[in-house]
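In what follows, a structure is listed as structure tokens, so that the remarks can point back to it.
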Amino acid sequence: MPPAFASWASQGIKFRRASVSMLAGLPGSHKTRIVLNALVNMRTSTLAFSTDSDADTVASRLLAINTRTSTDVTEEWLRTEPEKCSRLLAQYDFLSWCFRPDPSLDDVWLECYAYAEREGRYPDQIVVDIASDIGHDTGDEWGSLRDLLRQSKVLARETGAHTLLVHHCADSERTKRPCPRRSDIHGKVAAIPEVIVTCGLDASGGLHAACVKNRHAKASADADIRIPMHLDAESSYVGDHIEMPRGYAPGWGEGGWDD
């Protein structure tokens with residue numbers, strides 16, 4: 001699969017077809033922003049189940065990432081400049097979305113079959129954001145979550161698609177920060193994914209990612225190997241962290257940090 005971020009690839013964090021991966025973090029740790037930017041970077045056919053964000057939220061964030069504009073502005077564009085939005089969003093036609101807030105496992109399979117019938121092939125990638133929102137028929141949330149992990153493995157093998165699950169970590173004083181440990185992930189579901197990345201914010205608001213499981217490269221289950229990320233929450237942009245020379249500041253006429 002194409003790299004999600006160059007800094008991740010340099011640390012051996014690479015997603016593979018026909019395998020399951022996971023991104024996990026505390027509430028408010030910008031998981032969805034990370035995933036959305038990763039999808040934009042990868043530019044590969046993807047079927048995404050967005051239970052956590054509705055269509056307008058995703059559209060406004062894609063527009064913001066594309067133009068480096070605040071989502072407050074791009075949300076207004078959706079209402080006042082629909083043609084402009086359609087033109088910009090057409091650049092992301094490799095992304096297909098399901099915005100049901102509580103799809104069942106059957107719904108996930110049916111959407112994949114419908115995609116294959118429509119496109120003549122399965123997508124290269126399937127994303128579920130958030131994994132715990134998949135419908136629980138048994139009444140046992142953790143049992144259903146583990147069933148989702150098992151089904152995700154079957155789904156990845158049957159379709160040949162990389163399957164990425166976005167999940168929560170325990171929000172407690174014992175949870176490691178900024179990046180939770182593998183043991184901090186809810187539900188004891190770390191056995192099946194080949195790659196698990198956790199994310200979080202440090203005391204100054206800086207975003208970090210850590211690979212806590214990787215069957216193909218080095219990882220630290222205790223999240224001791226952190227990767228700093230560049231975050232601009234207003235425009236929903238997440239990218240590779242760039243170290244600036246000490247004492248450097250943009251001068252007049254040089255523009256901002258992201259120009």
Side-chain angles (χ1 to χ4, degrees), residues 1-16 19-42 52 61 65 125 127-132 149 162-248 257-258:
M1 299 288 292
F5 300 97
S7 58
W8 290 19
S10 70
Q11 296 294 320
I13 305 173
K14 299 177 182 179
F15 299 140
R16 289 169 168 79
S19 70
V20 179
S21 302
M22 178 179 288
L23 174 71
L26 293 167
S29 57
H30 301 283
K31 297 183 295 294
T32 298
R33 286 188 174 91
I34 291 173
V35 168
L36 203 54
N37 280 270
L39 297 182
V40 168
N41 294 340
M42 296 172 80
D52 204 39
R61 288 183 174 183
I65 292 167
Q125 186 164 234
V127 175
V128 178
D129 178 14
I130 296 286
S132 57
L149 266 292
H162 169 243
T163 302
L164 175 62
L165 306 177
V166 184
H167 189 38
H168 291 302
C169 291
D171 189 1
S172 74
E173 293 181 356
R174 295 187 299 274
T175 299
K176 186 174 182 178
R177 291 168 170 80
C179 297
R181 296 171 291 250
R182 190 164 72 199
S183 60
D184 293 325
I185 296 172
H186 263 319
K188 299 180 180 179
V189 292
I192 288 177
E194 293 190 4
V195 174
I196 301 178
V197 176
T198 63
C199 61
L201 300 171
D202 61 25
S204 63
L207 180 64
H208 298 261
C211 188
V212 297
K213 182 181 179 183
N214 194 337
R215 291 183 182 171
H216 307 280
K218 186 177 181 180
S220 168
D222 289 329
D224 290 331
I225 306 172
R226 297 203 309 266
I227 303 171
M229 306 296 296
H230 176 73
L231 169 67
D232 178 6
E234 283 194 1
S235 67
S236 287
Y237 176 75
V238 176
D240 294 305
H241 178 75
I242 300 175
E243 291 284 354
M244 301 303 293
R246 181 172 295 180
Y248 174 82
W257 295 101
D258 298 321

### Query
Going through the checks in order, is the salt bridge (charged side-chain N to carboxylate O under 4.0 Å, His left out) test met by D224 and R182?
CA-CA 11 Å; D224 290 331; R182 190 164 72 199; over 6 Å; no
### Message
Let me confirm one number: the CE-OH distance from M229 to Y237, rounded to the nearest 0.5 Å.
### Response
8.5 Å
### Message
By the salt bridge (charged side-chain N to carboxylate O under 4.0 Å, His left out) test, which pairs, at least two apart or in different chains, include something from residues 184-197?
### Response
R181-D184
### Query
Could you give the distance from CZ (R33) to CG (L207), rounded to the nearest 0.5 Å?
10.0 Å
### Query
Cut-off 3.5 Å, side chains only: do H162 and S21 have a donor facing an acceptor?
yes
#### Entry: Atom CZ of R215: over 12 foreign heavy atoms under 6.0 Å
yes
### Message
Looking at A219, is its backbone amide N or carbonyl O close enough to the side chain of K213 to form a donor-acceptor pair, meaning the two atoms are under 3.5 Å apart?
### Response
no
### Query
Hey, does V195 have a side-chain heavy atom less than 4.5 Å from the side chain of M22?
no
#### Entry: Side chains of N37 and I65 in contact at under 4.5 Å (non-hydrogen atoms)
yes
#### Entry: Heavy atoms of other groups near K14 NZ, more than 12 under 6.0 Å
no
### Message
Under a 3.5 Å cutoff, is there a donor and acceptor pairing between the side chains of H230 and D240?
### Response
no
### Query
Is there a donor-acceptor contact under 3.5 Å linking the side chains of S220 and D222?
no
### Task
Please confirm whether the backbone N or O of G12 pairs with a side-chain atom of N214, one donor and one acceptor, at under 3.5 Å?
yes
### Task
Could you tell me whether the side chain of H208 and the main chain of C199 form a donor-acceptor pair under 3.5 Å?
no
